[in-house]
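Here is how names work: the chains are called A, B, and so on, in the same order as the sequence lines, proteins then strands, and each is numbered from 1.
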2 protein chains.
Amino acid sequence: MMFEKWVLTILLLQFCCVGCGFCGKVLVWPCEMSHWLNLKIILEELLQRGHEVTILTSSQTYFVDYHKPSAFNFEVISVSGNQEDAEKIINEFLHIAVNIMPTLSLWESAKLFQNYFLDLTEQFEELCRKAVYNESLIVKLRETKYDVMVIDPMVPCGELVAELLGIPFVNTIRLSMGNTMERYCGHLPVLPSYVPVSMGGLTDRMTFMERVKNMILILPYLPLKYYCIQLTNHYRIIASKIQVGPTTLCESLGKAEIWLIRTYWDFEFPRPYLPNFVFVGGLHCKPNVCLQEMEDFVQSSGEDGVVVFSLGSMVKNLTEEKANFIASALAQLPQKVVWRYKGKKPATLGANTRIFDWLPQNDLLGHPKTKAFVTHGGTNGIYEAVYHGIPMVGIPMFIDQPDNIAHMKAKGAAVEVNFNTMTSADLLSALRTVIYQPSYKENAMRLSRIHHDQPIKPLDRAVFWIEFVMRHKGAKHLRPASHDLTWFQYHSLDVIGFLLACVATVIFMVTKCCLFSCQKIGKTGKKKKRE
Amino acid sequence: MMFEKWVLTILLLQFCCVGCGFCGKVLVWPCEMSHWLNLKIILEELLQRGHEVTILTSSQTYFVDYHKPSAFNFEVISVSGNQEDAEKIINEFLHIAVNIMPTLSLWESAKLFQNYFLDLTEQFEELCRKAVYNESLIVKLRETKYDVMVIDPMVPCGELVAELLGIPFVNTIRLSMGNTMERYCGHLPVLPSYVPVSMGGLTDRMTFMERVKNMILILPYLPLKYYCIQLTNHYRIIASKIQVGPTTLCESLGKAEIWLIRTYWDFEFPRPYLPNFVFVGGLHCKPNVCLQEMEDFVQSSGEDGVVVFSLGSMVKNLTEEKANFIASALAQLPQKVVWRYKGKKPATLGANTRIFDWLPQNDLLGHPKTKAFVTHGGTNGIYEAVYHGIPMVGIPMFIDQPDNIAHMKAKGAAVEVNFNTMTSADLLSALRTVIYQPSYKENAMRLSRIHHDQPIKPLDRAVFWIEFVMRHKGAKHLRPASHDLTWFQYHSLDVIGFLLACVATVIFMVTKCCLFSCQKIGKTGKKKKRE
């Protein structure tokens, strides 16, 4: 393994001079799941361009393969739980979100989530303490002289490590719940009249009542606010102990040089943004390659083509009932169906449907026979469909999925089906709509054309700005001065107050003068009358 | 000439297949002076890439050389005045701005400008009428089937022509006075707390009183508002006569697919912007080439180097007094000075200073011996200095010049000297500061590094988006939905009103209920007491 790594390093160092003319050291603070899958593409490109990439990961991770030989370096932070514990927490979340939440009232759901977030916060806090209190680790990282940190802020603390090491950092996120993180921490302006709050399921063209809803949602997003307060308390304690400047999560995150956003204008509604926000959605997408063993099955679909069905890597099993009516809906299609599913084979499974543990999703979506994509609406999957111009049926469940599908619906490239209430007929009708109504394919192709027609590819854009931060030790010329204002200065409340006071004073003075003059005239008049 | 043009066309058509894979037809509505010099670079690149470029110009133009052989096509709109009249108007403007305005009160200046703008509006109106009422011209343009129009909105009416022809258009501007045009017509959001009003001379880091000033300036910018109203009146009449949709200049301009802004973040303060705003500042800059006849003089400067002095192509003569004390300041420098000046040779001219009718400004600024640039602060000149990393002494006079210099001052790359009050000592001291205080050179070099380190060159970016509009017949995916809202919807005034009414109703109901309950309890208490 050591020899392989050494050969690889030599090769990369040689490439470096050809690539960017600058070989830097990148430290990464990752998150799990689809976030990691997306970030990994950037990191592999950074490796390709000759940079040294070190991943600072929790020992509990079950996505970052630090045990296997890799061109990445790893610094592992030992925490108390193991990978199974982490998986248990995720499965618990899935169970709550998919099976329990739909049966509860809003209030009960909120309480359940609150408890879940408290657990999560404790985990994050442990990871943070184990990272920043570990002097030998910090000394080692400091001595390595990293040029930049790439941080997924969904797991807090990376920015505290960057602060401790005194290096600039880049955030990588999909716009967050209620736009909270990028609005409060990144100062991204939100205009409630046409910028829908992320996760609110609204579009940029709202009716009056939708704009009222958006305005209410845009006020501090309560569940997330609660979560942030919790985090902030932990933050204060940790930050004060390690003696770094800011004491709130938002202040720390706001120091990011660049925010890499995992979407682009093929997906987003046009909205105001800032020069340090770079939209790099779909950076993981690539042309399809040959399907190999699935090719025969796909080819057998003839003129009717193929439907690709996947609810993502997180949802592995469905209830038997649900699996059955999904299967029966799919059985009624003339298309062939490839279905990613790990549960028990449904009794109603049609001859046209094949179940697979795993799908080469990108290659399937790029196949000329593919007619539609049934998806839970994860950002990565949505972008693969956009890249290949495939219309979608969205069955969103949680986090950003309903919002992602709302975007695709608004752009005319998807039909939504409610996961909790759907019937066989609903799914079948949605599938028929996107397959046989030409507008869906046309819109998906339009988005695809927009996606492919950018002045520079999303992956190159992401890598360019990370390298820029390395070359220039930051990107301060893109950072708005708003970060140095208090919230009331930012909203010009002091100026408005002052101007109103001035106007009030003038009105008061003029009124007083008028009254005084009137009285004077009145008195003179009376005097004259008396005379 | 015809033969030359034919050969050129054949060559370009051959290149086309290599270049962008799409040969389009571009119609251009230009403005004069530095605007044209900048736009011409884009148009030449479009020609290079195989597109057909037709310039729709007034017969009065004195910058667009439609008489000479050219690879551009021209459609000339005959207006009553000739080139000399146009030059007279410009010279009148210069005379007012440079010599008369400084001696007048603010009120007198405003009146003078108002009269000048009224003359200008009449000229614009004539040009507009001669363009859009000319049926044979419109039919000819319509039949040519242009793919896109590139418009300099400083001369209104191009957008009406685009509307008549039914083709998408791209605006090209440097952010306008008070941000009026891009704010009202392009819906660029302006946050008064850290976005200084363009032309206000403020920066993004303002004191409380500066923020008050900015808030006041951000309110409808009066002189420009007046000008717009004048234009709008003419607009209404013309637009209704040719039966095209919008009746105000702003509505028409707001239909632009892309706004090409002639600055970038090396110049601008970081601020919110929209996805259909593309910053392409410095697109005209290029590496310097050998100086030829000036080289010996420049080389003779030795270690001390050279100062480049130019107040732009518009200001040709200065008063004898001003020219004399400028010359005497320059004479005291150990540097050699190349001075662009057309007036009488000043008596105080030093042996170190040479006067030229015209300067190869870009090549001089790129020369390794050049130490400083004395400039009036035109955007093109500023960008040449930024490109080559040369610190500046700014002597701004009018329009965007004071604002341009304010930007460079805030970035630490320039010192400002007041044109009206300056003495020899002021100019000398400013020059010594930028030459001998290393921070000025360092900051100029920092801006230069930022300018050169962009993911794609400004000229390529400008051409990419014009070509994008041609390929996709627009760029609607970048256009904010705010354009379909009324001003009170845009500012959410209806929603805020509704929510306040709801809150007021609730408070009213609760108060009423409380009062009613209190009365009830009170009565019951009294009754009980009586019993």
Between [options], which residue shows the highest count of heavy-atom pairs closer than 4.5 Å to chain A?
| options | result |
| --- | --- |
| B/Pro192, B/Pro275, B/Pro480 | B/Pro275 |
| B/Phe279, B/Phe269, B/Phe277, B/Phe208 | B/Phe208 |
| B/Ala481, B/Ala475, B/Cys502 | B/Ala481 |

(request) Taking all non-hydrogen atoms of both residues into account, name the closest pair between A/Val495 and B/Val212 and its distance. (result)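 Closest approach of A/Val495 to B/Val212, heavy atoms only: CG1-CA, 3.8 Å.
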(message) Only pairs of heavy atoms separated by less than 4.5 Å count here; which of A/Ile456, A/Leu485, A/Ile450 has the most with chain B?
(response) A/Ile450
(request) Against chain A, label B/Leu478 side chain, backbone, both or neither, depending on which of its atoms sit under 4.5 Å from a heavy atom there. (result) both
(request) Apply disulfide (SG to SG under 2.5 Å) to A/Cys185 and list each qualifying residue two or more places apart in sequence or on a separate chain. (result) A/Cys250
(request) Using the test side-chain contact (heavy atoms from CB on, under 4.5 Å), find all partners of B/Leu500 that sit at least two apart in sequence or belong to another chain. (result)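 Once residues adjacent in sequence are excluded, the partners of B/Leu500 under the side-chain contact (heavy atoms from CB on, under 4.5 Å) criterion are B/Ile496.
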(message) My understanding is that only residues two or more places apart in sequence, or in another chain, count here; which of them pass ring pair (Phe, Tyr, Trp, His ring centres under 6.0 Å) with A/Phe488?
(response) none
What donor-acceptor contacts under 3.5 Å connect chain A and chain B, backbone and side chains included?
unit_1   : atom_1 : unit_2   : atom_2 : d
A/Ser193 : OG     : B/Tyr490 : O      : 2.7
A/Arg205 : NH1    : B/Asp484 : OD2    : 2.3
A/Arg211 : NH1    : B/Asp494 : OD1    : 3.1
A/Arg211 : NH1    : B/Asp494 : OD2    : 3.4
A/Arg211 : NH2    : B/Asp494 : OD2    : 2.6
A/Tyr273 : N      : B/Tyr273 : O      : 2.8
A/Tyr273 : O      : B/Tyr273 : N      : 2.8
A/Tyr273 : OH     : B/Tyr273 : OH     : 3.2
A/Asp453 : OD1    : B/Arg471 : NH2    : 2.9
A/Asp453 : OD2    : B/Arg471 : NE     : 2.7
A/Asp453 : OD2    : B/Arg471 : NH2    : 3.2
A/Asp453 : OD2    : B/His472 : NE2    : 2.6
A/Arg471 : NE     : B/Asp453 : OD2    : 2.7
A/Arg471 : NH2    : B/Asp453 : OD1    : 2.9
A/Arg471 : NH2    : B/Asp453 : OD2    : 3.2
A/His472 : NE2    : B/Asp453 : OD2    : 2.6
A/Asp484 : OD2    : B/Arg205 : NH1    : 2.3
A/Tyr490 : O      : B/Ser193 : OG     : 2.7
A/Asp494 : OD1    : B/Arg211 : NH1    : 3.1
A/Asp494 : OD2    : B/Arg211 : NH1    : 3.4
A/Asp494 : OD2    : B/Arg211 : NH2    : 2.5

(request) Side chain from CB out, backbone as N, CA, C, O: work out which of these in A/Leu274 comes under 4.5 Å of a heavy atom of chain B, or both, or neither. (result)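 Interface part for A/Leu274: both.
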(request) Sort A/Pro189 into side chain, backbone, both or neither according to what part of it lies under 4.5 angstrom from a heavy atom of chain B. (result) side chain
